Colleague: 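Let me give you the structure first, and then I'll get to my questions.
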Amino acid sequence: MSIDPKSYQYGDDVLKDRVILITGASDGIGRALALHSAKLGAQVILHGRSTKKLEAVYDEIMAIEGACRPSIAVLDLSIADADAYVALVKNIETEFGRLDGLVHNASILGPRISIEQYDISEWQRVLHVNLTAAFVLTQQLLPLMHASEDPSIIFTSSGVGRVGKPFWGAYSVSKFGTESLSQMLAAENAHNSLRSNCLNPGPVRTKMRLEAYPAEDRDSLVTPDEILPAYIYLLGPDSQGITGQSFDIQ
Ligand code: NDP
């Protein structure tokens with residue numbers, strides 16, 4: 001059956017009992033996805049760098065009737081060391097014993113400036129948060145994902161992850177790398193049930209979009225809630241067998 005992930009229709013319990021880690025769940029698209037996944041029955045692990053912001057999302061989920069209690073995983077991706085990753089994985093293993101969904105959503109924009117002027121340490125920071133951290137987290141979590149019956153990884157890409165445009169610097173390069181990482185993972189796991197796909201959300205009304213386009217009419221942009229069906233499709237059972245692909249939501 002072919003399904004258009006943009007207009008995917010699903011039942012109220014499509015993610016029932018799935019354990020799903022969402023990076024950058026404190027704001028923007030990640031926050032909206034965490035709340036919606038909890039409404040659909042998922043056991044959500046909220047990752048971010050701000051305990052206060054994650055606790056606010058936790059409280060919102062606890063106010064949803066019937067939602068499972070979420071977990072919080074605080075880890076600043078720009079500075080986390082090996083011990084911090086090991087501790088995060090250990091906590092998930094102890095609490096759940098498996099991971100069904102991993103959504104790499106956290107990213108930073110970094111400077112929008114020419115390659116000639118791009119600060120080298122900024123370049124390293126953006127690539128580290130957007131790409132290297134996603135690689136490390138994926139690698140460390142793979143054993144728990146293989147313990148799931150229907151594991152799915154979503155990487156978040158961008159239009160500038162497919163075409164290099166002026167002044168997008170390390171952000172664009174990190175998203176090209178993200179596409180490659182997802183494709184490699186899909187190919188390396190072609191003979192098991194793990195699927196790995198990329199989603200490009202398109203322009204969405206969040207603080208990152210405001211940072212990139214401060215003069216834009218924000219009312220013309222879709223909200224994070226409006227793009228969630230594509231994420232739910234890739235996290236739920238209807239996308240079984242779909243792997244190594246890259247979707248544009250808008
Ligand atoms: P936001 O800036 O609204 O949210 C980014 C999230 O990442 C926040 O939760 C933020 O935490 C977290 N984060 C940033 N740095 C770190 C870090 N060092 N450690 C841990 N967490 C961190 O972005 P969006 O919701 O707009 O973007 C989500 C994804 O969608 C990104 O991958 C982005 O590249 C992609 N995207 C977005 C588009 C858009 O128009 N919005 C367009 C194309 C792609 P905190 O709350 O603490 O800042």
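Fair warning: this is a prediction, and the values are worked out from it, not measured in the lab. Just so you know, ligand 1 is whichever comes first in the structure, and atom 1 is the first atom listed for that ligand.
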Colleague: Compare A34, S26, G28, S157 and give the one whose heavy atom is closest to atom 11 (O) of ligand 1.
Modeller: S26
Colleague: Heavy-atom contact under 4.0 Å between H47 and ligand 1?
Modeller: yes
Colleague: Touching ligand 1 at all, L75? Heavy atoms, strictly under 4.0 Å?
Modeller: yes
Colleague: Measuring from non-hydrogen atoms of K175 to any atom of ligand 1, is the shortest distance under 4.0 Å?
Modeller: yes
Colleague: So, 4.0 Å and heavy atoms of A133: is ligand 1 close enough to count as a contact?
Modeller: no
Colleague: Within the structure, does T156 bring an N/O atom to less than 3.5 angstrom of an N/O atom in ligand 1?
Modeller: no
Colleague: Within the structure, does S158 bring an N/O atom to less than 3.5 angstrom of an N/O atom in ligand 1?
Modeller: no
Colleague: Under 3.5 Å, sequence neighbours excluded: what are the donor-acceptor pairs made by side chains of residues 94-101?
Modeller:
{"from": "T94", "atom 1": "OG1", "to": "K90", "atom 2": "O", "distance (Å)": "2.8"}
{"from": "E95", "atom 1": "OE1", "to": "S71", "atom 2": "OG", "distance (Å)": "3.0"}
{"from": "E95", "atom 1": "OE2", "to": "S71", "atom 2": "OG", "distance (Å)": "2.9"}
{"from": "R98", "atom 1": "NE", "to": "D100", "atom 2": "OD1", "distance (Å)": "3.0"}
{"from": "R98", "atom 1": "NE", "to": "D100", "atom 2": "OD2", "distance (Å)": "3.0"}
{"from": "R98", "atom 1": "NH2", "to": "D17", "atom 2": "O", "distance (Å)": "2.8"}
{"from": "R98", "atom 1": "NH2", "to": "D100", "atom 2": "OD2", "distance (Å)": "3.1"}
{"from": "D100", "atom 1": "OD1", "to": "S148", "atom 2": "OG", "distance (Å)": "2.6"}
{"from": "D100", "atom 1": "OD2", "to": "V19", "atom 2": "N", "distance (Å)": "2.8"}

Colleague: Is the shortest distance from a heavy atom of G202 to ligand 1 less than 4.0 Å?
Modeller: yes
Colleague: Of all the atoms in ligand 1, which lie at a distance below 4.0 Å from a heavy atom belonging to I108?
Modeller: 14 (C), 15 (N)
Colleague: Which pairs count as ring-ring contact (aromatic ring centres under 6.0 Å, His included) when at least one residue sits in residues 29-64, sequence neighbours excluded?
Modeller: Y10-H36
Colleague: Should S50 be counted as touching ligand 1, given the test is an N or O pair under 3.5 Å?
Modeller: no
